[in-house]
Amino acid sequence: MKLLKYNKVAFLALVSIVLISCAGDEQPGESQLDYTQPVKTSLDNWITTTYLNPYNINVQYKWNQNTVDNSRYLFPPTIEKVQPALEIVQTIWLKSYSAIGGADFVKKIAPREIVLVGGVNLNSVGTRTLGLAEGGQRVTLFETDYIDQTDRANVSEFIHTIQHEYIHILNQNKPFDEKTWKTLTPSGYTADWYNYEIPESNELGFITSYARSNINEDFAETASMILIYSKDEYAAFLDGIESPFAYQALKAKEAIVVKYFKEAFNMDFYALRDEAEKNTTAVINK
């Protein structure tokens, strides 16, 4: 028994020596990780001053495969296009909300990251996805490389994306009157909205065909389209509606949007629209 006991002790001691020896052999050497901080460019500094410091919004323009759908043919924006695109967003979206909602409005409710993509996000049915809002924290803007600041329609289409996605973020903070909205054009919603021309959808009480996808998109489209229209353009749009039912439905939806902004955020929606119009003109005439 004694011999067995001593043998066990000797065996354990030997195992300990081997483990210590192996552990010593496998100690890591110098770290292979690169902790060098990338040098900030003048564009990076401008983004920090214009977006990160005042609004706590980070902008990602360098390629990151984790923030895009890798099954799509997408590419990062051309560097020369980044600041002009962000200046448009700053002037028409940020400055308008800050002027009417208050200097701290966007600081409190905003996506914490904007991702810029240069290419077109084309869907299998032939439609284009112009933007995405993810969990209220990130907004992705596509087609950055195709912005033409001298073309009002082009600028309006681009800014429509951030206006639309921001409405979703506002709705996540405070919901709109979905119960009433559902009663206005209940039979017009369809998953095949892309098969319908916009004038046809207008005559059913929808401001765009995409608004027909569901009530949440309908609200966001209604609000964002009014924000990118000038006052006269929106009036002309309504005047062109032939169906009395569609006209009344569109006016009822407009009224819910106006009420929502007032009750949820104490903001004059028409004043916001006028500010956006003024700032859009400033961008075009720059």
Side-chain angles (χ1 to χ4, degrees), residues 92-93 96-97 100 123 125-133 152-153 155-265 267-277 280:
I92 302 176
W93 173 53
S96 298
Y97 270 96
I100 306 303
N123 301 306
V125 295
T127 60
R128 295 147 53 216
T129 297
L130 298 176
L132 297 170
R152 190 184 189 99
V155 169
S156 293
E157 182 180 55
F158 178 71
I159 205 65
H160 177 204
T161 303
I162 188 70
Q163 297 284 28
H164 176 104
E165 300 303 339
Y166 191 54
I167 297 297
H168 284 312
I169 292 174
L170 294 180
N171 291 164
Q172 289 171 7
N173 280 266
K174 295 186 179 181
F176 65 95
D177 185 358
E178 296 183 18
K179 183 178 180 180
T180 302
W181 196 282
K182 287 179 180 178
T183 66
L184 298 177
T185 51
S187 62
Y189 297 103
T190 174
D192 298 328
W193 58 270
Y194 48 83
N195 287 326
Y196 298 88
E197 297 293 331
I198 292 177
E200 180 181 358
S201 296
N202 294 158
E203 293 301 328
L204 294 176
F206 296 91
I207 202 163
T208 66
S209 291
Y210 183 53
R212 300 180 63 180
S213 55
N214 58 63
I215 65 167
N216 293 304
E217 298 301 341
D218 193 6
F219 184 92
E221 278 291 270
T222 300
S224 59
M225 285 299 295
I226 295 175
L227 287 175
I228 68 169
Y229 274 133
S230 68
K231 183 177 181 179
D232 290 341
E233 286 171 341
Y234 182 62
F237 163 74
L238 289 176
D239 287 342
I241 302 298
E242 297 180 359
S243 165
F245 166 80
Y247 180 88
Q248 291 301 322
L250 287 163
K251 289 297 292 182
K253 291 176 181 180
E254 176 190 343
I256 292 176
V257 169
V258 172
K259 184 179 179 182
Y260 169 77
F261 270 79
K262 186 62 178 179
E263 293 184 349
F265 305 109
M267 194 182 306
D268 184 333
F269 183 74
Y270 293 125
L272 180 64
R273 186 268 315 278
D274 293 344
E275 190 71 15
E277 178 184 351
T280 300

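A quick note: this is a predicted structure, and the numbers were derived from the prediction, not measured. The chain is numbered in sequence order, starting from 1.
Among residue pairs with one or both ends in residues 155-171, those qualifying as salt bridge (Lys or Arg N to Asp or Glu O under 4.0 Å) are Arg128-Glu157; sequence neighbours excluded.
From Tyr229, atom OH reaches atom CE of Met225 across 4.0 Å, with rounding to the nearest 0.5 Å. With values rounded to the nearest 0.5 angstrom, Asn214 atom CG is found 11.0 Å from Thr190 atom OG1. Here CD of Glu221 is found 10.5 Å from OG of Ser201. Values are rounded to the nearest 0.5 Å.
With sequence neighbours left out, Phe261 forms a ring pair (Phe, Tyr, Trp, His ring centres under 6.0 Å) with Phe269. Looking at residues two or more places apart in sequence or on another chain, you find a salt bridge (Lys or Arg N to Asp or Glu O under 4.0 Å) between Glu254 and Lys251. Shown here are the salt bridge (Lys or Arg N to Asp or Glu O under 4.0 Å) partners of Glu275, two or more places apart in sequence or in another chain: Lys278. With sequence neighbours left out, the ring pair (Phe, Tyr, Trp, His ring centres under 6.0 Å) criterion links Tyr189 to Phe206. With sequence neighbours excluded, no residue satisfies salt bridge (Lys or Arg N to Asp or Glu O under 4.0 Å) with Glu203.
Among Asp239, Ile207, Leu227, Ile228, the single residue meeting the side-chain contact (heavy atoms from CB on, under 4.5 Å) criterion with Tyr234 is Ile207.
Put simply, the side chain of Asp177 gets close to the backbone of Thr180: a donor and an acceptor are under 3.5 Å apart. A donor-acceptor pair under 3.5 Å is absent between the side-chain atoms of Glu178 and the main chain of Ile215, judged by distance alone. Using a distance-only test at 3.5 Å, with no hydrogens or angles considered, no donor-acceptor pair links the side chain of Tyr270 to the main chain of Val258.
Residues Lys253 and Asp218 are paired through a salt bridge, judged by an N-O separation under 4.0 Å between the basic side chain and the carboxylate.
Side-chain contact check for Asn171 versus Asn216: every heavy-atom pair is 4.5 Å or farther apart.
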